[in-house]
J.: 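Sharing a structure here in structure tokens format.
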Amino acid sequence: MPKAVRFAEYGDIDVLQVVDVPRPVPGAGEVLIRVKAAGINPGESKIREGLLRERFPATFPPGQGSDLAGVVDELGPDVRGRAVGDELIGFTNDRASQAELVTVAADDLTPRPPGVPWEVAGSLFVAGATAWAATRAVAPEPGDVVVVSAAAGGVGSIAVQLLALAGATVVGIASVRNHPWLERHGVIPVTRGDGLAERIRAAADGRVDAMVDTYGSGYVDLALELGVAPNRIDTLVDWNRAAEVGAKTDGNMVGAHAAVLAELAALIDQGELEVPIAATYPLDEVRDAYRALERPHAPGKIVLIP
């Protein structure tokens with residue numbers, strides 16, 4: 001029987017189990033994917049802990065995960081343009097990707113280009129679609145100065161590159177250990193903490209046009225202090241403060257389309273975008289993967305390899 005991640009109650013990492021499940025059967029318009037890689041994300045921890053139960057309630061025992069890449073194992077009825085053996089990148093809205101076999105809507109999949117490694121393909125959806133939406137929300141123009149918080153994180157590391165591709169000068173807030181990675185990608189790094197506004201002004205020659213906040217904890221107010229107009233601030237975390245000041249909150253739901261994945265995958269295939277991989281774990285070590293996610297780590301994504 002295929003294996004999948006499940007949890008029987010809200011709680012910490014120890015509630016996660018890898019269990020045998022019945023083979024999924026694709027319905028109309030669906031394909032069955034044999035998963036080659038599935039990224040993990042902080043939001044999944046919050047769902048598992050019950051912190052988002054009002055917005056994302058669990059029907060126990062639920063699965064986990066949205067990101068995936070793999071090979072078509074079986075076609076459901078009414079599927080056109082797909083074949084068994086196709087290598088695809090996609091996502092599921094059923095919190096089910098951390099498994100060996102997953103049914104996925106055929107429209108939520110796009111071909112995997114040859115230059116996109118499996119671990120990158122399988123971790124592209126949440127971080128990539130979120131970064132895509134957030135960067136477009138602040139409307140970067142050539143010559144703009146854009147600040148990104150948590151700039152070496154899963155979303156931030158993609159956002160800084162997309163902004164640079166748009167011609168912006170990017171100032172990235174990150175811990176010192178991640179400054180070399182940012183510098184290699186053309187980002188001006190600054191450390192967080194006391195005096196941050198002054199360090200940003202110095203790095204940006206006193207001008208800041210936009211802010212992409214992937215962290216929360218006061219960065220919307222920092223952007224306002226730096227003179228950024230509310231309609232050029234996008235936060236993925238501080239929704240309440242954004243509503244108060246008129247900032248944007250565009251994130252994954254805005255970018256959740258196979259066409260966005262295709263665009264990002266093409267950039268990776270062409271060598272114009274890097275999705276750094278911090279670590280990979282086999283499915284059976286899902287608890288260790290989430291422990292690593294919650295600790296400081298190298299820039300990039302943590303990925304399960306079923």
Side-chain angles (χ1 to χ4, degrees), residues 1-10 16-41 43-44 47-48 52-113 116 118-130 132-133 251-265 283-284 286 303-306:
M1 296 179 73
K3 295 184 180 297
V5 175
R6 295 285 188 270
F7 58 98
E9 59 182 337
Y10 290 124
L16 292 174
Q17 304 285 338
V18 178
V19 300
D20 292 332
V21 296
R23 177 182 170 89
V25 178
E30 294 182 333
V31 300
L32 183 64
I33 296 291
R34 186 166 295 277
V35 180
K36 302 286 276 186
I40 70 173
N41 298 282
E44 290 146 19
I47 291 172
R48 184 198 69 238
L52 300 177
R53 69 182 72 193
E54 292 184 3
R55 189 174 186 189
F56 300 113
T59 301
F60 291 103
Q64 281 202 143
S66 302
D67 298 2
L68 62 89
V71 179
V72 176
D73 204 71
E74 182 182 342
L75 300 175
D78 303 320
V79 172
R80 302 289 182 268
R82 306 289 184 213
V84 172
D86 282 354
E87 298 182 352
L88 302 172
I89 304 170
F91 60 94
T92 171
N93 293 316
D94 297 329
R95 283 178 254 158
S97 68
Q98 294 166 21
E100 292 179 336
L101 290 170
V102 182
T103 56
V104 182
D107 289 343
D108 293 338
L109 295 158
T110 192
R112 179 182 76 97
V116 181
W118 280 115
E119 63 270 22
V120 170
S123 60
L124 188 56
F125 170 62
V126 168
T130 303
W132 182 93
N252 185 262
M253 291 182 67
V254 174
H257 303 284
V260 171
L261 286 178
E263 179 182 331
L264 296 172
L283 190 67
D284 286 342
V286 62
V303 188
L304 294 170
I305 307 295

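By convention here, the first residue in the shown sequence is residue 1.
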J.: Once side chain to side chain donor-acceptor pair (under 3.5 Å) is applied, do any residues pair with Gln17, and if so which ones, sequence neighbours excluded?
T.: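 Side chain to side chain donor-acceptor pair (under 3.5 Å) list for Gln17, sorted by chain: empty.
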J.: Do Val72 and Leu109 come within less than 4.5 Å of each other through their side chains, counting heavy atoms only?
T.: no
J.: Where is the tightest heavy-atom contact between Phe91 and Ala256, given as atom of each residue plus distance?
T.: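 Looking at all heavy atoms of both residues, the shortest contact is CZ-O, 3.8 Å.
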J.: Checking Ser97 now: which residues fulfil side chain to side chain contact (heavy atoms under 4.5 Å, CB included) with it, not counting sequence neighbours?
T.: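 Side chain to side chain contact (heavy atoms under 4.5 Å, CB included) check on Ser97 returns Ala38, Leu68, Thr92.
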J.: For Ile89 versus Pro113, what's the shortest heavy-atom pair and its separation?
T.: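 Taking every non-hydrogen atom into account, CD1-CD, 4.1 Å.
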J.: Apply side chain to side chain contact (heavy atoms under 4.5 Å, CB included) to Thr130 and list each qualifying residue two or more places apart in sequence or on a separate chain.
T.: Val126, Val155, Leu236, Asn252
J.: So, applying side chain to side chain donor-acceptor pair (under 3.5 Å) with Glu44, which one of Gln98, Gln64, Arg95 is it?
T.: Gln98
J.: Quick one: pull up OG1 in Thr110 and CD in Glu263 and give me the separation to the nearest 0.5 Å.
T.: 11.0 Å
J.: I need the minimum non-hydrogen distance between Thr103 and Pro24, along with the two atoms involved.
T.: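 In terms of heavy atoms, the two residues are closest at CG2-CB, 3.7 Å.
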J.: Looking at residues at least two apart in the chain, or sitting in another chain, which of them share a side chain to side chain donor-acceptor pair (under 3.5 Å) with Arg34?
T.: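 For Arg34 the side chain to side chain donor-acceptor pair (under 3.5 Å) partners, ignoring immediate neighbours, are Asp73.
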J.: Any pair with a residue in residues 64-83 that passes ring-ring contact (aromatic ring centres under 6.0 Å, His included), sequence neighbours left out, goes on the list, sorted by first then second residue, please.
T.: none
J.: Check side chain to side chain donor-acceptor pair (under 3.5 Å) between Glu30 and all other residues, then give those that pass, not counting sequence neighbours.
T.: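 Glu30 satisfies side chain to side chain donor-acceptor pair (under 3.5 Å) with no other residue.
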J.: Do you know which two heavy atoms are closest between Phe125 and Leu261, and how far apart they sit?
T.: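 Result for this residue pair: CA-CD2, 3.7 Å.
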J.: For the side chain to side chain contact (heavy atoms under 4.5 Å, CB included) test, which of Leu32, Val35, Val102, Leu101 pairs with Pro2?
T.: Leu101
J.: So, using side chain to side chain contact (heavy atoms under 4.5 Å, CB included) as the criterion, who are the partners of Val18 when residues are at least two apart?
T.: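 If we apply the side chain to side chain contact (heavy atoms under 4.5 Å, CB included) test to Val18, skipping adjacent residues, the hits are Lys3, Val5, Leu283, Asp284, Val286.
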J.: Compare every heavy atom of Tyr10 with every heavy atom of Ile47, then report the nearest pair and how far apart it is.
T.: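 That would be O-CE2, 3.3 Å.
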J.: What pairs with Arg112 under side chain to side chain donor-acceptor pair (under 3.5 Å), at least two apart in sequence or on another chain?
T.: Glu87
J.: Filter on salt bridge (Lys or Arg N to Asp or Glu O under 4.0 Å), then keep only pairs touching residues 96-110, sequence neighbours left out; what's left?
T.: none
J.: Measure across Pro26 and Pro77 and return the closest heavy-atom pair with its distance rounded to 0.1 Å.
T.: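 Result for this residue pair: O-CD, 3.9 Å.
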